[in-house]
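When a residue number appears, it is its place in the shown sequence, counting from 1.
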Amino acid sequence: YSTIGTRAPGGWGVIQDHMARLESKHMEHMVGYGEGNERRLTGRHETAPMDKFSWGVANRGSSIRVPRSVPVDGCGYYEDRRPASNMDPYLVTRMIVATTLLSKEAPKPAIAAAPKPRPAPSFPPVYRGVADDPECDEEVDFDEDEVDSVDVDEIIVPLLDMSILLDFKNTLPYGDNQCLAEYVWIGGNNGDLRCKSRTLSSPPKCLADFPVWNYDGSSTNQAPGHDSEVFLRPVAYYPDPFRGGKNTFMVMCEAMEPPRVLEDGTKVPMIPIPTNAYSQCATVMSQAQEHEPWFGIEQEYTLLHPVTKWPLGWPDGGFPGPQGPYYCSAGTGVAIGRDVVEVHNFCCLAAGINVSGVNAEVMPGQWEYQVGPCIGIDAGNMMWMSRYIMLRVCEMFNVEVSFDPKPIPGDWNGAGCHTNYSTIGTRAPGGWEVVKEHMKLLEANHMVHMVGYGEGNERRLTGRHETAPMDKFSWGVANRGSSIRVPRSLPVDGCGYYEDRRPASNMDPYLVTRMIVQTTLLKQDPSK
C-alpha cells in the first residue's frame, strides 16, 4: 500500500504515522481480514500473532513489513501481512484507506463479530480395506512384503494436461507493450534454483531495463526471518522458450544484500550475500579479460522416476545390464529418456544458450550436454540457465533430474561437469608449453580446487570409472583416468585446450571457472 504522501520525499515519516494509526485499530482490522485467520496468524511460519500488532523493516514476522528500500530512499510503500487468503479485497482496502487517510476512526466492518476459532480439521484414518472396516469381523492376513511394495508403472504420466496451457498461450494475446520476465536465481540449499515472474510495462531494450527486484530470503535459507529481504540484480537475460513470443524473457540474477542506512545516516549500497558466487567470478573474469579465457562445460545428469527415485529404465528395485552398450547409444532399452534430452536441447537453442552437443552417457539413464565455447562470465551464466531449463523441461515430463555426482553407488559411472579451458596463450603457437606451465600451477593448488569442485565429489573421484583419485593430481594426453586430460591433437598442433575432469556434476560454474582463471592466469590464491 502507498499514497501520494508515502511516495513523496519525506514519505518515511508519513509511513511511521500510518503505523501508529494501524496499531490503534489493529483488532478492528483483524475482524475483517478473513475468516479462519486465527489458524494462520500464530507467530510462526512468517506471521505475527493475531492479537499483537508489530511492524519492522524487512521483517516478515511482523504485522506490517516495510521494505528495506523505504528508509534508504526516504519514501515508498509498505506491506500489510495480516489479511488472509480468503479476505474480501473491497473490505480490506476500504479499512486501510479509512484508517490511514480519511479519519481517526476505523470503519466497522460489515461483520457482526469476530469469527469463532474453528477446531483444527480432522482427517479420517487411512482405509486399508476390510481389515480396517469397524463393521467387518473378517480376519485378514497381510503379507508385509506385499503391503510395503510399490508397483510403479514405467509409463510416466504428466500430472497436468499440457494441451490446456498451450491452447491458452496460443489463443490469448497480451499487450504489445507488456513483457513477461522470469527472474531466476540460485538459492541457499546447495545450488537449488528459484524463480518468479514479473510483468513489465514496456519491453526492455537492454539489461539495465530489467529492474532490481527482491524476494524472501528466509524461505531460501539465505536470510533470517526478521531481516528477510534479498535483492535480485539482473546479470544476463535470454528469450523464454516456454512462454514464447517476442516480449518474454528469462533473467539470470545475482543475490544481493539490500542497501541500508546506518545510525549516523550513512547509506550503504547493495553488497553480495555470502552464497553469491557470481560477483567474485565477474571480478576475476574482468581482470583476466585480455587473456580471453574460453570454457566448454560438459554437464552430466541422471533422469529419475518421480516416485521410486530410481534411474529411468531401470528395473523397479533392481539393476539393468552392466555398462557398455549405453554410451552414445541409440535404441530402446539403451537410450533412455531421449525425449527430455531433445526438448531441453531445442529450448536451450531457442533461448540463445550455446549448447554445442548432447549424448547418452556410460550409465543407463544418464546423459550429457555441453555448453560452450563461452568467454569468461558467460560460461557460468549460460550453465546455470541451462540447468534451470532442464528443471522446467522435467516438470513437463513429470520426471526428476539429479545432478548428484554419484547417484548410484557401486560399479556405475558417476556424473561430472568436465570443464574444457583455453586462453590466448594456449591457443597460440607455442601453446603446448603454456599448457605445461598451467599443469604445474594446477597441481600446486589441487586440494584447494577440490574443496570448491562440488559436494559429494569424494564419492565419484575414486580412481575408478574414468576418474583420478581425489587426493592425487595427475595429467596426461588422452587419459580419461587423470585429473586433467590433454587432447591428442594438442601436442600434434602445438596449441589448443585441455579438460579439467575433476569438477562434479553439481559444481557451481561461477566458482570453478573463477578458480581456474585465478590459478592459471592471475597467479592468485584460488581460496580467496
Under 3.5 Å, is there a donor-acceptor pair between the side chain of [X] and the main chain of [Y]?
X      : Y      : answer
Asp192 : Asn189 : yes
Asn506 : Gly454 : no
Ser228 : Pro224 : no
Trp213 : Pro234 : no
Gln299 : Ser505 : yes
Ser63  : Trp55  : no
Asn37  : Met30  : no
Thr6   : Gly76  : yes
Thr100 : Ile96  : yes
Trp12  : Val70  : no

### Message
Does atom NZ (Lys52) have a neighbourhood of more than 12 heavy atoms from anything else shown, all under 6.0 Å?
### Response
no
### Message
Are more than 12 heavy atoms, taken from residues, nucleotides or ligands other than Ile4, located less than 6.0 Å from that residue's CD1 atom?
### Response
no
With [X] via salt bridge (charged side-chain N to carboxylate O under 4.0 Å, His left out) - residues at least two apart:
X      : value
Asp216 : Arg60
Lys309 : Glu400
Arg260 : Asp227, Glu257
Glu46  : Arg81

### Query
In terms of the angle between their ring planes, are His26 and Phe53 parallel, tilted or perpendicular, with boundaries placed at 30° and 60°?
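Judged by the thresholds at 30° and 60°, the geometry between His26 and Phe53 is perpendicular.
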### Query
Any ring-ring contact (aromatic ring centres under 6.0 Å, His included) pairs touching residues 240-263, not counting sequence neighbours?
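Of all non-adjacent pairs touching residues 240-263, those that pass ring-ring contact (aromatic ring centres under 6.0 Å, His included) are Phe210-Phe249, Tyr237-Phe249.
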### Task
Can you spot which of Val72, Val57, Val268, Asp73 makes a side-chain contact (heavy atoms from CB on, under 4.5 Å) with Val261?
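Passing option: Val72.
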### Task
Please say which of Arg194, Gln222, Glu229 ends up in a side-chain contact (heavy atoms from CB on, under 4.5 Å) with Tyr215.
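Result for side-chain contact (heavy atoms from CB on, under 4.5 Å) with Tyr215: Gln222.
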### Task
Measure centre to centre between the rings of Trp314 and Trp412, then say whether the value is under 6.0 Å.
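So the answer is yes for these two rings.
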### Task
Return the set of residues passing ring pair (Phe, Tyr, Trp, His ring centres under 6.0 Å) with Phe231 (not counting sequence neighbours), or none when no residue passes.
none
### Query
Tell me, which pairs form a salt bridge (Lys or Arg N to Asp or Glu O under 4.0 Å) where one or both residues lie in residues 448-461, sequence neighbours left out?
Asp404-Arg459
## Note on the structure
The complete set of salt bridge (Lys or Arg N to Asp or Glu O under 4.0 Å) pairs with one or both residues in residues 232-253, sequence neighbours excluded, reads Glu182-Arg243, Arg233-Glu254, Asp240-Arg243
Counterpart residues, side-chain hydrogen bond (donor to acceptor under 3.5 Å, both in side chains), relative to [X] (two or more places apart):
X      : answer
Tyr77  : none
Trp384 : Asp508
His18  : Tyr78
Thr266 : Asp264

## Note on the structure
Separation between CG (Asp339) and NE2 (His344), nearest 0.5 Å, reads 14.5 Å
What are the two closest heavy atoms between [X] and [Y], and how far apart are they?
X      : Y      : value
Cys253 : Tyr183 : SG-CD2, 3.5 Å
Pro239 : Ala350 : CB-O, 3.9 Å
Gly32  : Leu91  : O-CD2, 3.4 Å
Ala48  : Leu41  : O-CB, 3.5 Å
Met270 : Pro259 : CG-CD, 3.4 Å
Ile64  : Ser62  : O-OG, 2.8 Å

### Query
Any cation-pi pair here, Arg387 with Phe403, using under 6.0 Å and within 45°?
yes
Counting C-beta onward and ignoring hydrogens, is there a side-chain heavy-atom pair between [X] and [Y] closer than 4.5 Å?
X      : Y      : result
Asn381 : Tyr278 : yes
Cys417 : Pro509 : no
Leu22  : Arg82  : yes

### Query
Side chains of Tyr388 and Arg392: is there a donor and an acceptor less than 3.5 Å apart?
yes
